[in-house]
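Below is one structure; the comments refer to it alone.
Both ligands and their constituent atoms are indexed starting at 1 by order of listing.
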Amino acid sequence: MVKSETSVWKDCLSFIKSQVEEQSFRTWFEPIKPLGLNETTLTIQVPSQFFYEYLEEHYVHLLRECVQNELGSEGKLEYSVIVDSGSVQNQPYMVTLPNQNKKNNNWGRREEPEMINPFKMQSLDQDSRYSNLNPNYYFDNYIEGDCNRLARSAGIAVAEKPGITSFNPLMIYGGVGLGKTHLVQAIGNKVKEQGENNFVLYVSSEKFTTQFTDAIRNNSIQSFTNFYLQVDTLIIDDVQFFSGKEKTQEMFFHIFNHLHQNGKQIIMSSDRAPRDLKGLQDRLLSRFKWGLTADLQMPDFETRMAIIMRKMQSDGIYIPDDVVEYLAYSVDTNVRELEGVLISLIAHATLNKTDINLELAKQTLKNIVHDIESEVGVDYIQKTVGEFFQISVEDLKDKTRKKEIVIARQVAMYLCKEYTNHSLKSIGYHFGGRDHSTVIHAVQSVSDMMDIDSKFCNSMDELKKKMKMKLV
Ligand code: ADP
Ligand code: MG
């Protein structure tokens, strides 16, 4: 039976659906239309150039896999991109683009390139000195703030004189999405820039572990060590993965000592402070203390604004100031999430062919916050509390000091603290730009009232029930 493009794409979609998050599926795959099928080539229509680039950047392997499942190993994909010429007279037109693996986009989260197999090498020629560095991570686009000043400047110092400063090893630690990989890669790129003969190698500790276990299996430990001992600047990302892997740690210890003794630079990152790295041998931990340990914190509001503006600028996209401010206030979990929100916002604007404005930003954030945290948001709390006390949301945000409004406002702030991940500062912002100390005071007052006033306590229980219902 000859398949039609519709049925092929339908099967592709059901495969894709099983592989990606629901929000991503809705944003990136539902809007696609199958256009044609020509023996082994499926043509799909996507709404914009940005959309096409995003798919190629993030989902190229998945798309290839599902098309080949459907059409065999010769199966190919072609995009028909709607190009919006921006005026009524010139209707959107289509361009056809092949499916390729375009890796040069500025949005983090790409797949790591395959590393060459170190086990086959005797001595390393220039080509084999593959660094595994991502050229999009450099210092200029790593925004400086109080959150990263020490780590960033130590990184620059190390990059200028690898192996020579006292920052050896350099250990960077911080929570997920706070810029560890970006920073260590920036160091690698800068070192590389300075000398052709510098062998810089970036490797995740997971990959190091896999290579090492493969080497044991293939009886090629010698080549494995040989490879690593020739590195001039070794960057190991996420060393927390070494926890509990005794044999790998032993091997790393050996390589570490050798490189260090020979004046080579070692840079490491970890998602927690060395003292909290459970399951790591003491002798390895004590080595980490030889150099410098610097932490990364969540960027403050101003730094977040600067990060957003820098991203927008490098993508040639304009976002009004009030939207930048709103995003910087609202997303205070980590930088990766902040970037995720930006991507969605641009995607929504592209799909709906609208400008990016505050309304759209709020809408987008609402979906995402719901998606990533599956929790109640500030808007929901304000609305629910407003209805409960029969007060408008505007009044909650307003300056009025009428007693019943003050109490309702404090209750809403209290619930925001309890049920969302917003910081005190951010909660204050959502209530008419109040100070974080006002929020602290509100939380305290509500707890006190719950202790002494049973009627109030019942009301709070009822409200909390509404929050929980939303959570399910
Ligand atoms: P981690 O490795 O700590 O989980 P990443 O280095 O992958 O975090 O950072 C997540 C994203 O945030 C990346 O796209 C990175 O470019 C971006 N990012 C983090 N910190 C900054 C910063 N100070 N300036 C600009 N972009 C940043
Ligand atoms: Mg990382």
Crowded around Lys245 NZ? As in, over 12 foreign heavy atoms under 6.0 Å? yes
Should we count CG of Asn69 as having more than 12 external heavy atoms under 6.0 Å? yes
Once you measure the plane-to-plane angle for Phe242 and Phe208, does it fall in the parallel (<30°), tilted (30-60°) or perpendicular (>60°) bin? perpendicular
Reference residue Asp237; test side-chain hydrogen bond (donor to acceptor under 3.5 Å, both in side chains); the match among Ser269, Ser204, Ser270: Ser269
Return yes when Gly177 approaches ligand 1 closer than 4.0 angstrom through a heavy atom, no otherwise. yes
Tyr137 heavy atoms within 4.0 Å reach ligand 1 at atoms 16 (O)
Looking just at side-chain N and O atoms, do Gln185 and Thr181 make a donor-acceptor pair shorter than 3.5 Å? no
May I ask whether Gly145 places a heavy atom under 4.0 Å from ligand 1? no
N, O or S of Thr181 under 2.8 Å from the Mg ion (ligand 2): yes
Could you tell me whether the side chain of Asp276 and the main chain of Arg272 form a donor-acceptor pair under 3.5 Å? no
Under 6.0 Å from the six-membered ring centre of Tyr142 and within 45° of its axis: does the NZ or CZ of Arg152 meet both? no
Would you say Thr438 and Asp435 are linked by a side-chain donor-acceptor pair, where the criterion is simply a distance under 3.5 Å? no
Suppose I only count heavy atoms of Gly175 and a 4.0 Å limit; which atoms of ligand 1 are within that range? 3 (O)
Using distance alone, decide if ligand 1 has a nitrogen or oxygen within less than 3.5 Å of any nitrogen or oxygen in Val176. no
I'd like to check which ligand 1 atoms, numbered from 1 as shown, lie under 4.0 Å from a non-hydrogen atom of Lys311. 16 (O), 26 (N)
Contact partition for Asp271 relative to ligand 1, non-hydrogen atoms under 4.0 Å: neither
Hey, can you tell me if Tyr429 and Tyr326 have their rings parallel, tilted or perpendicular (30° and 60° cut-offs)? tilted
Based purely on interatomic distance, does Ile307 place a nitrogen or oxygen under 3.5 Å from a nitrogen or oxygen of ligand 1? no
Residue selection (non-hydrogen contact nearest atom 24 (N) of ligand 1) among Val335, Ile143, Leu178: Ile143
Of all the atoms in ligand 1, which lie at a distance below 4.0 Å from a heavy atom belonging to Asn141? 24 (N), 25 (C), 26 (N)
Residues, nucleotides or ligands: over 12 heavy atoms within 6.0 Å of Asp321 CG: no
Can you list the atoms of ligand 1 that are under 4.0 Å from a heavy atom of Lys180? 1 (P), 2 (O), 3 (O), 4 (O), 6 (O), 8 (O)
Side chain or backbone, does Arg336 bring an N or O within less than 3.5 Å of an N or O on ligand 1? yes
Asn148 heavy atoms, cut-off 4.0 Å: which ligand 1 atoms fall inside? 23 (N)
Within the structure, does Tyr142 bring an N/O atom to less than 3.5 angstrom of an N/O atom in ligand 1? no
May I ask you to identify, for Glu144, whether its side chain, its backbone, both or neither come under 4.0 Å of ligand 1 on a heavy-atom basis? neither
Do Phe212 and Phe252 pass the ring pair (Phe, Tyr, Trp, His ring centres under 6.0 Å) test, and can you show the C-alpha distance, the side-chain angles, and the key distance before you say yes or no? CA-CA 10 Å; Phe212 175 61; Phe252 180 56; over 10 Å; no
Within the structure, does Leu183 bring an N/O atom to less than 3.5 angstrom of an N/O atom in ligand 1? no
